[in-house]
Chemist: 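Let me give you the structure first, and then I'll get to my questions.
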Amino acid sequence: MKRQNQSSVVEFILLGFSNFPELQGQLFGIFLIIYLLTLIGNVVIIVVICLEQSLRVPMYLFLQNLSVVDVSISAVIMPEMLVVLSNEKTSISFVSCFAQMYFILFFGGTECFLLGAMAYDRFAAICSPLSYPMIMNKRVFMKLVTGSWTLGFMLGTVQTTWVSSFPFCGPSEINHISCETPAVLELACADTFLFEIYAFTGTILIIMVPFMLIILSYIRILFAILKMPSTTGRQKALSTCASHLTSVTLFYGTASMTYLQPKSGYSPETKKLMSLSYSLLTPLLNPLIYSLRNSELKRALIKLW
């Protein structure tokens, strides 16, 4: 019976911003520009770090991985959303919807752990500068990066497999910009209480635990910066940390509001805007945040230009 119910829905309909048909054309233009700028900005960061030997250090290699994640999550969401904006209603097959869900969770989870690893890197560099080459050696760096990608992969696999096992027997309209877990779960015609408990617990571990570790790291970093005798050294350390903290605030703030909210917590439009913040705005702003506030990266960009 479960299989029959599940097979009764062979595709979903993404509504996107169909409630505002008069804005569809303008939104299409805006999001197309955002997508192109996101691709250009992150690809430039990836290429510059690949080509410039002086940037082949953990701090910039973490940033390179972050740019790869940002390009990937934009490529998963934006093309489909542009198609939705160019039509009143856009259908997406059952398989394509859950493939999109998987990659959103995969890359979103990876970004959570990468931001945590970047905070640890800054903590080691500022609080233990003399021991930094030993603390953050190539082996430790590879473990942190590999662990981030692996945990993201596990999150996407477990959660997508579980959600796709629920029966979906209609309605098939997803009132969202993409096949994110909370939006798709609203259409399941089965008791999802156990999954919601798992999802809430998992979100606490995946989003809030790294976030709290980042906050604790930056409290230690702040005390270390205040003890620095050199004003120039303090300014440089604060500038580097400010870039990372801006990224963390943008990503973790909106992601936690989306995945930790009760079902009736926000209106569908508010949920869409929050989703846009961490899935589209953060990938767009990350290259600007890091390149504009980092003198070494700016020098490398000018040199290669």
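The first residue of the sequence shown is numbered 1, and numbering continues consecutively from there. Just so we're clear, the structure is a prediction, and the values are computed from it rather than from any experiment.
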Chemist: Let me see the working for Phe141 and Asp121 under side-chain contact (heavy atoms from CB on, under 4.5 Å), right down to the final yes or no.
Modeler: CA-CA 9 Å; Phe141 166 77; Asp121 175 64; over 6 Å; no

Chemist: Do Met136 and Met134 belong to the same hydrophobic cluster, where Ile, Leu, Val, Met, Phe, Trp and Tyr are linked whenever their side-chain heavy atoms lie under 4.5 Å apart, directly or via other members?
Modeler: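 Unlinked, Met136 and Met134 end up in two clusters.
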
Chemist: Are Leu144 and Met118 close enough that some pair of their side-chain heavy atoms sits under 4.5 Å apart?
Modeler: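 When only atoms from C-beta onward are counted, Met118 and Leu144 do not touch, as no gap falls below 4.5 Å.
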
Chemist: Mind checking the CD1-CG spacing from Ile45 to Leu63? Nearest 0.5 Å is all I need.
Modeler: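 Result: 5.0 Å between the selected atoms.
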
Chemist: First locate atom CD1 of Ile221, then atom CG of Leu216, and finally report the distance between them rounded to the nearest 0.5 Å.
Modeler: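 Here the rounded value is 11.0 Å.
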
Chemist: Indicate yes or no: at least one non-hydrogen side-chain atom of Phe12 is less than 4.5 angstrom from one of His176.
Modeler: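 Phe12 does not reach His176 side chain to side chain.
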
Chemist: Are Val184 and Ile174 side-chain neighbours, meaning at least one heavy-atom pair lies under 4.5 Å?
Modeler: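 With C-beta onward as the side chain, the pair touches.
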
Chemist: Are the side chain of Ser86 and the backbone N or O of Val83 linked by a donor-acceptor pair below 3.5 Å?
Modeler: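 A pair under 3.5 Å: yes.
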
Chemist: Between Thr181, Ile104, Leu105, which is the residue that forms a side chain to side chain contact (heavy atoms under 4.5 Å, CB included) with Thr160?
Modeler: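 Answer after filtering Thr181, Ile104, Leu105: Leu105.
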
Chemist: I'd like to know if the side chain of Ser165 reaches the main chain of Trp162, judged simply by a donor and an acceptor atom lying under 3.5 Å from each other, with no hydrogens or angles considered.
Modeler: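 Looks like yes, one N/O pair under 3.5 Å.
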
Chemist: Step by step, would you call Phe123 with Tyr218 a ring-ring contact (aromatic ring centres under 6.0 Å, His included)?
Modeler: CA-CA 7 Å; Phe123 166 75; Tyr218 273 103; 9.5 Å; no

Chemist: Taking everything shown except Tyr35 itself, do over 12 heavy atoms lie less than 6.0 Å from its OH?
Modeler: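 More than 12 heavy atoms, drawn from other residues, nucleotides or ligands, come within 6.0 Å of this atom.
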
Chemist: Considering only heavy atoms from C-beta outward, does the side chain of Val57 approach that of Leu61 to under 4.5 Å?
Modeler: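 Heavy-atom side-chain distance check fails, nothing below 4.5 Å.
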
Chemist: Identify the heavy atoms of Ser172 and Leu187 that sit nearest to each other, and give their distance.
Modeler: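 Nearest heavy atoms, Ser172 then Leu187: C-CD1, 4.0 Å.
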
Chemist: Please confirm whether Tyr102 and Phe98 have ring centers closer than 6.0 angstrom.
Modeler: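 So the answer is no for these two rings.
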
Chemist: I need the minimum non-hydrogen distance between Ile34 and Leu284, along with the two atoms involved.
Modeler: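 In this case the closest contact between Ile34 and Leu284 is O-CD1, 4.0 Å.
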
Chemist: Do you know the tightest heavy-atom contact between Ser164 and Phe94?
Modeler: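 Nearest pair, atom of Ser164 first, then Phe94: O-CZ, 4.0 Å.
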
Chemist: Would Leu55 and Val48 count as a side-chain contact (heavy atoms from CB on, under 4.5 Å) if you check the C-alpha gap in whole Å, the side-chain angles of each, and the deciding distance to 0.1 Å?
Modeler: CA-CA 8 Å; Leu55 300 181; Val48 167; 3.8 Å; yes

Chemist: For residues Ser128 and Ser131, is any side-chain donor paired with an opposing acceptor at under 3.5 Å?
Modeler: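 Result is no, nothing qualifies.
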
Chemist: Do Ser178 and Gln100 have side-chain heavy atoms sitting under 4.5 Å apart?
Modeler: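 The answer is yes; the side chains approach within 4.5 Å.
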
Chemist: Do Met59 and Leu51 belong to the same hydrophobic cluster, where Ile, Leu, Val, Met, Phe, Trp and Tyr are linked whenever their side-chain heavy atoms lie under 4.5 Å apart, directly or via other members?
Modeler: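 Linked, Met59 and Leu51 end up in one cluster.
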
Chemist: Below 4.5 Å, heavy atoms only, C-beta onward: do Ser148 and Asn65 meet side chain to side chain?
Modeler: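 No, side chains not in contact.
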
Chemist: What's the shortest heavy-atom distance between Pro283 and Ser74, and which atoms?
Modeler: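 Result for this residue pair: CB-OG, 3.6 Å.
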
Chemist: Using modelled atom types only, decide if a donor and an acceptor are shared between the side chain of Ser96 and the backbone of Ile92 within a distance under 3.5 Å.
Modeler: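 No, the answer is negative, given that no donor and acceptor are paired below the 3.5 Å cut-off.
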
Chemist: When clusters are formed by joining ILVMFWY residues with side-chain heavy atoms under 4.5 Å apart, either directly or through shared neighbours, do Phe168 and Leu194 land in the same one?
Modeler: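 Cluster IDs for Phe168 and Leu194 match.
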
Chemist: Against Ile73, only a single residue in Phe103, Phe106, Phe107 fulfils side chain to side chain contact (heavy atoms under 4.5 Å, CB included); can you say which?
Modeler: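 For Ile73, the side chain to side chain contact (heavy atoms under 4.5 Å, CB included) test succeeds with only one of Phe103, Phe106, Phe107, which is Phe107.
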
Chemist: Which of these, Leu85, Leu36, Val84, Ile177, sits in a side chain to side chain contact (heavy atoms under 4.5 Å, CB included) with Phe31?
Modeler: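 The single option meeting the side chain to side chain contact (heavy atoms under 4.5 Å, CB included) with Phe31 is Leu85.
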
Chemist: Does a side-chain heavy-atom distance below 4.5 Å link Met78 with Leu39?
Modeler: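 The answer is no, as the side chains (C-beta and beyond) never meet within the 4.5 Å cut-off.
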
Chemist: How close do Thr38 and Asn42 get, heavy atom to heavy atom, and via which atoms?
Modeler: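 Smallest interatomic distance, heavy atoms only, reads O-ND2, 2.9 Å.
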
Chemist: Rounded to the nearest 0.5 Å, how far does OG of Ser67 lie from CZ of Phe62?
Modeler: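 Result: 13.5 Å between the selected atoms.
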
Chemist: For Cys50 versus Gln64, what's the shortest heavy-atom pair and its separation?
Modeler: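 Where Cys50 meets Gln64 most closely, the heavy atoms are SG-NE2, 3.0 Å.
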
Chemist: Show the numbers, then the answer: is there a side-chain contact (heavy atoms from CB on, under 4.5 Å) between Leu115 and Leu66?
Modeler: CA-CA 8 Å; Leu115 289 171; Leu66 187 66; 4.3 Å; yes

Chemist: Can you get from Ile215 to Ile126 by hopping between Ile, Leu, Val, Met, Phe, Trp and Tyr side chains that sit under 4.5 Å apart?
Modeler: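 Both belong to a single hydrophobic cluster.
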
Chemist: Heavy atoms, side chains only, cut-off 4.5 Å: are Trp149 and Val68 in contact?
Modeler: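 Yes; the side chains approach each other to less than 4.5 Å.
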
Chemist: Just wondering, are more than 12 heavy atoms of other shown residues or ligands nearer than 6.0 Å to OH in Tyr132?
Modeler: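 Above 12, so yes.
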
Chemist: Between Ile33 and Leu37, is a side-chain contact (heavy atoms from CB on, under 4.5 Å) present by the stated rule, with each step listed?
Modeler: CA-CA 6 Å; Ile33 292 169; Leu37 289 176; 3.8 Å; yes

Chemist: Once rounded to the nearest 0.5 Å, what's the spacing between atom NZ of Lys143 and atom NZ of Lys138?
Modeler: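 Result: 14.5 Å between the selected atoms.
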
Chemist: Starting at CD1 of Ile219, measure out to CD1 of Ile214 and round the result to the nearest 0.5 Å.
Modeler: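 Result: 12.5 Å between the selected atoms.
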
Chemist: Are Val158 and Phe193 linked, directly or through other ILVMFWY residues, by side chains that come within less than 4.5 angstrom of each other?
Modeler: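 Shared cluster, no.
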
Chemist: First locate atom CZ of Phe113, then atom OG1 of Thr146, and finally report the distance between them rounded to the nearest 0.5 Å.
Modeler: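 Spacing of CZ (Phe113) from OG1 (Thr146) equals 14.0 Å.
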
